[in-house]
Amino acid sequence: MINLSIPKTAGCLLIICLVHINSIVKAQNSVKEPVVQEEKINSLLQKMTLEEKVGQMNQYNGFWEITGPAPKDGDAKKKYDHLRKGMVGAVLNVKGTENVRKLQEIAVKETRLGIPLLFGYDVIHGHKTLFPIPLGEAASWDLAAIETSARTAAIEASAAGINWTFAPMVDITRDARWGRVMEGAGEDTYLGTKIGLARIKGFQGDDLAANNTIIACAKHFAGYGFAEAGRDYNTVDVGTSTLYNTILPPFKAAVEAGVQTVMNSFNTLNGVPATGNKWLQRDILKDAWKFNGFVVSDWGSGMEMIDHGFAANLKQVAEQSANAGSDMDMESYAYVNHLKELVETGKVDIKLVDDAVRRILRVKYKLGLFDDPYKYCDAAREKELIYNPAHAVAALDVAKRSIVLLKNTYVKGSGRPLLPLAKNQQKIGVIGALANDKNSPLGSWRIGSDDNTAVSVLEGLKKYSSNLTYAKGADLAIGKTDFINEVKINETDTSGFKEAIQLASNSDMVIMVLGEHGFQSGEGRSRTKLNLPGVQQQLLEAVYAVNKNIVLVLMNGRPLAITWADENIPSIVETWQLGSQTGHAIAQVLYGDYNPSGKLPMTFPRSVGQVPVYYNTLNTGRPGPKPEVFWSHYGDESNKPLYPFGFGLSYTSFAYSNLVINDANPAAVKVTATVTNTGKLDGEEVAQLYMRDKVASVVRPVKELKGFSKFSLKAGEARQVSFTLTAAELGFYDNTGTFVLEPGDFDLMIGGNSVEGVKGSFTLK
Ligand code: NOJ
């Protein structure tokens, strides 16, 4: 129970009273593991040689072709050899029941102790059937839908032999230049935490021993989303308050929810690489939070400590990583080559190795691998579940919920907005290479899936209309595009413009599908520009010159600064990369069979120079505006974003009224408001509660999301939304990492985005 009786601190100008609720040095909960399981692990540990223990801490990439000829570079032979000697605890990137079974058989039948392997894979937004990219899904603000997505991914992945996903990425980020924004839930810690938990629940389910659940991995611990200037793998330099209040909470919540693994990260934090960071991995994660699972390094992140200038050689990498608490080495070859010797020479305490191995074995026990190592290797199940039609239905449902309507203004003379489209077979021109693309809509990070398997926008639209004509306008990318190489964007070829302009001139209206190539976001894919890449802006303006009735369908993996489009184009729809069912989801929304309900999980900037631009900023000492220049602003751009966090329109409209705060019980402050559907259509709304702690010992943001609720309202219907603010919402971490609750004045707002809503205040006594 949280104690809310507040001792008065004498002599303070502002009487700031701290209640220590829990701090990073004190565990919230400590998971009790079953005695039988722990005894089994201990007895197995006693039988293991040091080499076998080190083996459990070693993870190899399974590039060897199990059922075909092995690569000739010798490495595969060495890896097989290690596998047979029990020197491998897990592999990654091996999929398919046949492949998995063959490797598992070696581990179980040929090694001395027969310890089964873990099979890890980046199952990020679906395995074969693809759901929207995680940033897109986050825009649904629909936790049940997000859980379904992860659940479906787990069902398909486990049917293909996989028992461990490297997801969810719970890195909070404020920089749209960073390519990996597509893989997370955006800029907000509260939303990101809830979404991370929904994903973990979806992957891990209620029973890890079932054959359709897989272990999740909260990554990247910690700070990776704050890579300087949005350049992937770059240095991270964050203040204490940001670390405690913004970056760490989703990880802590993941641990409390029972996530089985945590991945460390490539970056340094205060000059110490995360993989060699004892404070992060041992002091916080394992000691303070009582994390019972294991930490896996990121790919080669141990080895990279040499480039960082933290370790002189691979032996030192092994020493630093093991001592710091990185339990499993993914592809650095540090442990497999050096850890045994380091233990023998006293550089690494055997107790630390035992602890790491115990954690890894524990996860294997929980998965039930010791009872049945082949439980994910049922070929009939694989056949039945991969691309199961039910998964397509789920993917379509999540995809349409992820779409955000950004603009839908009245078109002169028509008396209505362009959307939803009339089903009257008006003459529609569809323009843009992305409209006819079956690959980009799948997005990045989908290594298990098959190329060109998305329903394209054109295919989706054709289900609704036979009066469509398509013109590409211009290629988006040139040459071969894949997950490994830089995408080359067409910056010059406008030879297709003529045809597109002609089509636009002869059409009643135009749907333009523009945005980013599917591989322009993701790992290693940072951008300095946030515009429409290549010649697309030029194409948009050229089409606009002949036909202003344009619906702009954006398809992209990050927020874009589309300021010109916002000023000129009547209707704009953000569709991210929606996965396998992209075309159907977009068509259903454009034709009004689904009323859009998504809200932005990340601020859209007006220009790249504003980045990082996010809603929960501090006020500064000079918030302005002022008549003279001496306030915090830009001379050439507004401080305001193009579209704020939480923003998204509907074909209907919602009004907020009647905010009531009941603070009679300071341990549970109740806030309610009325939401009315004031339009003519039924629709779904996401009511959002924002809070500001007005004066605090560590300055608090101008607004912080503290609750949200998504619901349907019939046209004309009203309902009350209700939120409860407890210490968990009202408090914050001070700069020692202690969670504190301070009395004083709080502002509240309930609304449909982070800017507008009904407001009120109360005083926490
Ligand atoms: C590197 C990425 O940073 C990480 O997120 C991923 O899980 C691993 N590679 C394995 O593919």
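All values derive from a computational prediction rather than experimental measurement. Note that ligands are numbered from 1 as they come in the structure, with each ligand's atoms numbered from 1 the same way. Any value given below was found using the heavy atoms of this structure, including those in side chains, with hydrogens, waters and symmetry copies removed.
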> Hey, is E256 close enough to K252 for a salt bridge, meaning N to O under 4.0 Å?
Replying inline: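 A salt bridge is present here (some side-chain N lies under 4.0 Å from a carboxylate O).
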> Are E516 and K529 within salt-bridge range, i.e. N to O under 4.0 Å?
Replying inline: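 No, this pair does not count.
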> If you count the non-hydrogen atoms of other residues, nucleotides and ligands that lie under 6.0 Å from CG in D206, is the total more than 12?
Replying inline: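 Not more than 12 within 6.0 Å, no.
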>> Is it the case that the ring center of F645 lies less than 6.0 angstrom away from the ring center of W141?
In response: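 Centroid separation for W141 and F645: below 6.0 Å.
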Note down each nitrogen or oxygen pair, ligand 1 side and protein side, whose separation is under 3.5 Å; give only atom names and the distance to 0.1 Å.
| unit_1 | atom_1 | unit_2 | atom_2 | d |
| --- | --- | --- | --- | --- |
| ligand 1 | 3 (O) | R180 | NH1 | 2.6 |
| ligand 1 | 3 (O) | H220 | NE2 | 3.4 |
| ligand 1 | 3 (O) | D298 | OD1 | 3.3 |
| ligand 1 | 3 (O) | D298 | OD2 | 2.5 |
| ligand 1 | 5 (O) | R180 | NH2 | 2.8 |
| ligand 1 | 5 (O) | K219 | NZ | 2.8 |
| ligand 1 | 5 (O) | H220 | NE2 | 2.7 |
| ligand 1 | 7 (O) | D122 | OD1 | 2.6 |
| ligand 1 | 7 (O) | K219 | NZ | 3.1 |
| ligand 1 | 9 (N) | D298 | OD1 | 3.4 |
| ligand 1 | 11 (O) | D122 | OD2 | 2.4 |

> Honestly, is R525 close enough over F483, meaning NZ or CZ under 6.0 Å from the six-membered ring centre and within 45° of the axis?
Replying inline: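 Yes, R525 sits over the ring of F483.
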> Under the side chain to side chain donor-acceptor pair (under 3.5 Å) rule, what pairs show up with a residue in residues 216-232, not counting sequence neighbours?
Replying inline: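 Sorted result for residues 216-232: D122-K219, D171-H220, W178-D232, R180-Y224, E183-K219, Y224-D232, R231-N234.
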